[in-house]
Amino acid sequence: MTFAGTTVDYAVRDHRAYLTLNRPERLNAITGEMAREIGDAVAAANADDSVRVIVVQGAGRAFCAGYDLKLYAEGGAEHQGAVWDPIKDFRMMKTNTEHFFSLWRSAKPTVAKVHGYAVAGGSDIALSCDLVVMAEDARIGYMPARVWGCPTTAMWVYRLGAERAKRMLLTGDTIDGIRAREWGLVIDAVPAAELDTAVEELVDRMAGVPTNQLVMQKMMINQAYDNMGLQTTQNLAILFDGITRHSPEGRWFVDFAQQHGFDAAVQWRDTGRFIPDGGGDIPADDDIERMKRELEQRR
């Protein structure tokens, strides 16, 4: 089985497959095409007997900055309408989530190499891998928890436990690699200049193990999560994700993005500004400019 993608590059060497998210001009922001290609690349790696380990990485300045809000929020491509069709929405997001989660379901182990950002939907991709290694200065989090999203893979609670998962998802904050390692969210965090070496050393240890051993150890561990209700939790998260994007506040966010651009909408959300209950009027241009000035002063 071969694979050639337009948003995901694929290469095999030394018993490992490298999946590189490749939309660097958009910080590897997710599209439906990218989600499909992740699943196809994982399938190709599992069909290749020479591959024992899969490494997922991002081209350019980041691992992945989440869904492409210029397309889905500002451009209205997420199928908002006067009436929300929950089954159509569920089917779309379930499909994307299954593509991401092919990394977890993969018979062969998967390792995420995170630099820059693994945020929003990008954190879903990273946390679908068996092991995550971060640069110490990289950031991970799910900011759409503030408005317009629920993490569809639901891996925060399984990796962090209830209290720390709530700490992340009730605030939408991000944490750096050092904190992520301290909390047990990721297996390691190293200086950015050492990230490639650290990942290769880890992968070397796994690549020397027979494939049969790798597959059976991973299957045994994953089965424990399945028995804890992982699939049921994911289905609920996918449904809730659709609701958050079609709630009054979610529709307010989309209207904001379409009037002022997705950059301004994301800045408003992530800096903790109040989002009107039940929607409300879009802030005036003066308020937007004031927010931008405040952000510039902080920098």
Side-chain angles (χ1 to χ4, degrees), residues 3-31 33-46 48 50-68 96 99-106 108-141 153 155 159 174 176-178 180-181 185-207 214 218:
F3 171 80
T6 59
T7 66
V8 176
D9 285 348
Y10 181 81
V12 175
R13 60 180 181 272
D14 300 327
H15 300 294
R16 63 208 71 183
Y18 293 88
L19 280 58
T20 305
L21 310 182
N22 192 25
R23 298 186 71 223
E25 73 286 353
R26 301 287 304 134
L27 297 180
N28 301 316
I30 300 164
T31 63
E33 182 179 22
M34 177 180 283
R36 287 191 300 274
E37 290 187 355
I38 289 172
D40 290 344
V42 171
N46 275 274
D48 186 342
S50 73
V51 172
R52 293 188 178 182
V53 185
I54 300 168
V55 177
V56 186
Q57 58 193 0
R61 296 185 293 117
F63 177 82
C64 178
Y67 276 89
D68 192 334
N96 285 359
H99 290 317
F100 300 159
F101 222 59
S102 67
L103 294 159
W104 182 265
R105 300 295 183 202
S106 164
K108 297 173 182 179
T110 57
V111 178
K113 180 169 69 177
V114 173
H115 74 292
Y117 300 95
V119 293
S123 68
D124 279 318
I125 296 173
L127 297 181
S128 292
C129 292
D130 299 310
L131 299 172
V132 183
V133 181
M134 289 181 67
E136 291 179 342
D137 62 355
R139 307 293 299 186
I140 189 167
T153 61
M155 288 303 288
R159 287 184 178 269
T174 65
D176 63 18
I178 296 172
R181 178 185 59 201
L185 182 66
V186 304
I187 194 63
D188 203 2
V190 298
E194 300 173 16
L195 182 60
D196 289 344
T197 299
V199 170
E200 291 304 315
E201 289 177 351
L202 175 62
V203 171
D204 279 343
R205 291 293 294 164
M206 288 187 280
L214 294 171
K218 177 172 176 175

Under 3.5 Å, sequence neighbours excluded: what are the donor-acceptor pairs made by side chains of residues 194-203?
| residue | atom | partner | partner atom | Å |
| --- | --- | --- | --- | --- |
| D196 | OD1 | K113 | NZ | 2.9 |
| E200 | OE1 | R16 | NH1 | 2.8 |
| E200 | OE1 | Y18 | OH | 3.0 |
| E200 | OE2 | Y18 | OH | 2.9 |

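Looking at every heavy atom in both residues, F63 comes nearest to G122 through CE2-O, 3.7 Å. What you find for A59 and P24 is that their closest heavy atoms are O-CB, 3.9 Å. Scanning all heavy atoms of the two residues, the minimum distance from I140 to A180 falls at CG2-CB, 4.3 Å. Of all the heavy atoms in R61 and H115, the pair that sits closest is C-NE2, 3.4 Å. Here the closest non-hydrogen pair linking G141 and S123 is O-OG, 3.5 Å. Considering every non-hydrogen atom in both A135 and A192, the closest pair reads CB-CA, 3.9 Å.
The backbone N or O of A45 lies less than 3.5 Å from a partner atom in the side chain of Y10, making a donor-acceptor pair. N28 places a side-chain N or O within 3.5 Å of a backbone atom of R23 that can act as its donor or acceptor partner.
Under the salt bridge (Lys or Arg N to Asp or Glu O under 4.0 Å) criterion, D9 pairs with no residue at all, not counting sequence neighbours. Looking at residues two or more places apart in sequence or on another chain, you find a side-chain contact (heavy atoms from CB on, under 4.5 Å) between A62 and L27, Y117. For T20, the side chain to side chain donor-acceptor pair (under 3.5 Å) partners two or more places apart in sequence, or in a different chain, are Q57. F100 meets the ring pair (Phe, Tyr, Trp, His ring centres under 6.0 Å) test with no other residue; sequence neighbours excluded. In this structure, the side chain to side chain donor-acceptor pair (under 3.5 Å) partners of D124, at least two apart in sequence or on a different chain, are T153. Taking Y67 as the reference, Y72 meet the ring pair (Phe, Tyr, Trp, His ring centres under 6.0 Å) condition, with sequence neighbours excluded. Residues passing the salt bridge (Lys or Arg N to Asp or Glu O under 4.0 Å) test with R105 are D226, sequence neighbours excluded. Residues passing the side chain to side chain donor-acceptor pair (under 3.5 Å) test with R181, sequence neighbours excluded: none. Remark: T6 pairs with E33, E37 by the side chain to side chain donor-acceptor pair (under 3.5 Å) rule, at least two apart or across chains.
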Before giving the answer on side-chain contact (heavy atoms from CB on, under 4.5 Å), spell out for V132 and L185 the whole-Å C-alpha distance, their side-chain angles and the decisive distance to 0.1 Å.
CA-CA 8 Å; V132 183; L185 182 66; over 6 Å; no
Report the C-alpha distance between V56 and I38 in whole Å, list the side-chain angles of each, state the deciding distance to 0.1 Å, and finish with yes or no for side-chain contact (heavy atoms from CB on, under 4.5 Å).
CA-CA 9 Å; V56 186; I38 289 172; over 6 Å; no
Worked check of side-chain contact (heavy atoms from CB on, under 4.5 Å) between M34 and D68:
CA-CA 11 Å; M34 177 180 283; D68 192 334; over 6 Å; no
Evaluate the side-chain contact (heavy atoms from CB on, under 4.5 Å) criterion for residues V133 and V186: first the C-alpha distance (whole Å), next the side-chain angles of each, then the deciding distance (0.1 Å), finally the verdict.
CA-CA 6 Å; V133 181; V186 304; over 6 Å; no
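When side chains are defined from C-beta on, L21 counts as touching V8, because their heavy atoms get closer than 4.5 Å.
Pairs engaging residues 128-141 under the side-chain hydrogen bond (donor to acceptor under 3.5 Å, both in side chains) rule: T110-D130, D130-K218, R139-T174 [sequence neighbours left out].
For the side-chain contact (heavy atoms from CB on, under 4.5 Å) with I54, the qualifying choice from C129, P109, S106, S102 is S106, the only one to do so.
Within 6.0 Å of the CG atom in L131, the count of heavy atoms belonging to other residues, nucleotides or ligands exceeds 12.
To the nearest 0.5 angstrom, T7 atom OG1 is 10.0 Å from I30 atom CD1.
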